[in-house]
Protein chains: 2
Amino acid sequence: MGNGLAPTLTPRKSPRQDRSIATVDAIFEATIQVLLSDGPTRLTTTRVAHRAGVSVGTLYQYFPNKQALLFAVLEQHLSTLAEAVENACRDNQGANIETIAAGVVKAYLAARMAQSEISPALYLVAMELDARALIEAATRRSEQAIEALLFGASDGRFNDPYVIAQTLTAVIFGTVPAFCMRVMPHAASVEAEKQLTLMFSGYLAASCKAA
Amino acid sequence: MGNGLAPTLTPRKSPRQDRSIATVDAIFEATIQVLLSDGPTRLTTTRVAHRAGVSVGTLYQYFPNKQALLFAVLEQHLSTLAEAVENACRDNQGANIETIAAGVVKAYLAARMAQSEISPALYLVAMELDARALIEAATRRSEQAIEALLFGASDGRFNDPYVIAQTLTAVIFGTVPAFCMRVMPHAASVEAEKQLTLMFSGYLAASCKAA
DNA sequence: GATATATATGAAGCATTATTCAGCTTTTGG
DNA sequence: CCAAAAGCTGAATAATGCTTCATATATATC
């Protein structure tokens with residue numbers, strides 16, 4: 001499914017004046033807005049430009065093509081999620097299993113909720129462009145952060161922290177979208193956090209005994 | 001993101017002769033083939049028709065539009081996954097927690113692997129058309145099957161089997177795609193099954209004690 | 001074999017949309 | 001204030017692709 005030719009995804013020109021910096025920001029913002037209000041399939045370059053209050057030509061001055069636009073938005077989104085996990089891991093260094101599980105779930109869920117509207121649209125984008133590299137990068141950041149966290153757990157040692165980190169990452173990155181896709185009453189979101197925490201701490205405890 | 005006007009998704013005409021039944025089958029198959037080889041964005045009605053060995057006009061005789069085509073394929077795919085879970089649940093009636101966890105994970109993973117190539121493409125499709133109803137239906141089938149299974153578990157009672165069923169469903173339907181998205185060496189798939197089983201049985205055991 | 005019904009064809013119409021470019025306006029630096 | 005550079009415009013281009021329909025072929029029925 002590789003798209004054969006790989007058109008440049010890097011900016012065509014960097015903004016030099018304040019005016020153009022504002023323009024690029026506006027285009028970036030508008031991309032998100034259109035994604036939300038009109039959906040990924042109805043996102044056209046003209047529409048984005050119009051929403052940003054500029055003309056199409058301007059858009060193409062800074063982004064070589066439509067994909068580059070979406071790529072940039074996706075990159076930021078994934079980075080935000082990975083960062084949330086990293087921060088949670090840093091904050092829970094040396095904690096016990098229970099706390100670790102709760103912390104990681106809570107952090108990811110919060111980050112995801114903050115961007116809950118845009119996420120589904122971006123997953124669509126992620127498949128259209130070949131974004132495997134971006135996803136891989138975000139996944140790896142999460143895995144490494146969790147692995148490091150496990151090494152310092154106060155409760156016990158794990159004989160294969162990397163496998164555990166991989167599993168936890170796959171589950172949170174995978175499950176939460178599934179939860180989000182359904183229209184979720186606020187109460188359900190609290191319940192989801194509780195259940196996932198329970199599941200994670202149970203898993204960690206089990207993996208610990210085995211060591 | 002609702003698409004405003006809801007164009008008919010039901011067949012425009014039902015095949016009466018053997019010849020046309022074969023045609024419809026060929027179109028359906030071709031849709032899957034094109035999805036796999038060319039990806040969702042390069043799936044055009046003309047291409048599907050050509051792959052099926054018929055002309056575009058013929059395609060439009062049985063499917064009112066492109067969406068209807070994709071809708072049909074998606075429906076079948078989701079139904080297959082839900083059925084896999086249902087069967088696994090039926091087969092494990094009255095088993096203990098350990099067996100239940102292993103059975104459900106194994107069944108879903110197997111069904112998913114069997115269609116691993118087509119799945120990512122379909123998740124893309126699922127967002128483009130408004131397929132929430134279909135996903136909802138498949139999810140509910142899984143939830144109900146698991147709930148029934150939990151009621152009959154030999155190990156113990158759960159005070160809120162529905163919440164547990166919901167959580168397990170979200171995790172398997174959500175996580176496995178995440179696993180699949182990465183290029184997975186076969187060994188990793190075995191490992192994934194093991195880890196998920198461990199996680200599920202831990203979760204069930206924990207939910208049991210609480211009851 | 002003749003008529004009616006079902007099925008198949010694919011070029012043409014129509015709409016959408018990514019992308020370019022020649023000319024215009026604004027800002028910068030002297 | 002004035003050139004040069006940076007930024008902006010939006011109609012025109014070109015490509016793509018969904019859908020229709022007038023026509024042709026195959027099958028069923030009597």
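A quick note: this is a predicted structure, and the numbers were derived from the prediction, not measured. Within every chain, numbering begins at 1; the chains are lettered A, B, ... in the order of the sequence lines, protein sequences first and strands thereafter.
With sequence neighbours excluded, the residues satisfying side-chain contact (heavy atoms from CB on, under 4.5 Å) with B:D25 are B:I21. A search for side-chain contact (heavy atoms from CB on, under 4.5 Å) contacts involving B:A26 returns B:A52, not counting sequence neighbours. Residues passing the side chain to side chain donor-acceptor pair (under 3.5 Å) test with A:R19: none are found, sequence neighbours excluded. Applying the side chain to side chain donor-acceptor pair (under 3.5 Å) criterion to A:D160, with sequence neighbours excluded, gives no partner residue. Residues passing the salt bridge (Lys or Arg N to Asp or Glu O under 4.0 Å) test with B:R51: none are found, sequence neighbours excluded. For B:A111, the side-chain contact (heavy atoms from CB on, under 4.5 Å) partners are B:L81, B:A84, not counting sequence neighbours. A search for salt bridge (Lys or Arg N to Asp or Glu O under 4.0 Å) contacts involving A:R141 returns A:E86, not counting sequence neighbours. Checked against side-chain contact (heavy atoms from CB on, under 4.5 Å), A:T46 has the following partners two or more places apart in sequence or in another chain: A:T44, A:V56.
Atom pair B:Q17:CD and C:dA8:C1' shows a separation of 11 Å (rounding to whole Å applied). Spacing between atom CD of A:Q61 and atom C1' of C:dT25 amounts to 13 Å, rounded to whole angstrom units.
Every pair tested for salt bridge (Lys or Arg N to Asp or Glu O under 4.0 Å) that includes a residue from residues 66-80 of chain B fails, sequence neighbours excluded, so the list is empty.
Distances shorter than 4.0 Å separate none of the side-chain N or O atoms of A:Y60 from OP1 or OP2 on C:dT20.
Near DNA chain C, meaning a heavy atom under 4.0 Å from it, residues 18-29 of chain B has B:R19, B:S20, B:T23 in order of number. Annotation: proximity of residues 43-59 of chain A to DNA chain D (heavy atom, distance under 4.0 Å) is found for A:V54, A:S55, A:G57, A:T58, numbered in ascending order.
In the 5' to 3' direction, nucleotides of DNA chain D lying under 4.0 Å from heavy atoms of chain A begin and end at D:dA6 to D:dG10.
Counting non-hydrogen atoms under 4.0 angstrom, A:Y62 reaches the backbone sugars and phosphates but no base.
Atom CD of A:E98 sits in a sparse spot, with 12 or fewer heavy atoms from other residues, nucleotides or ligands closer than 6.0 Å.
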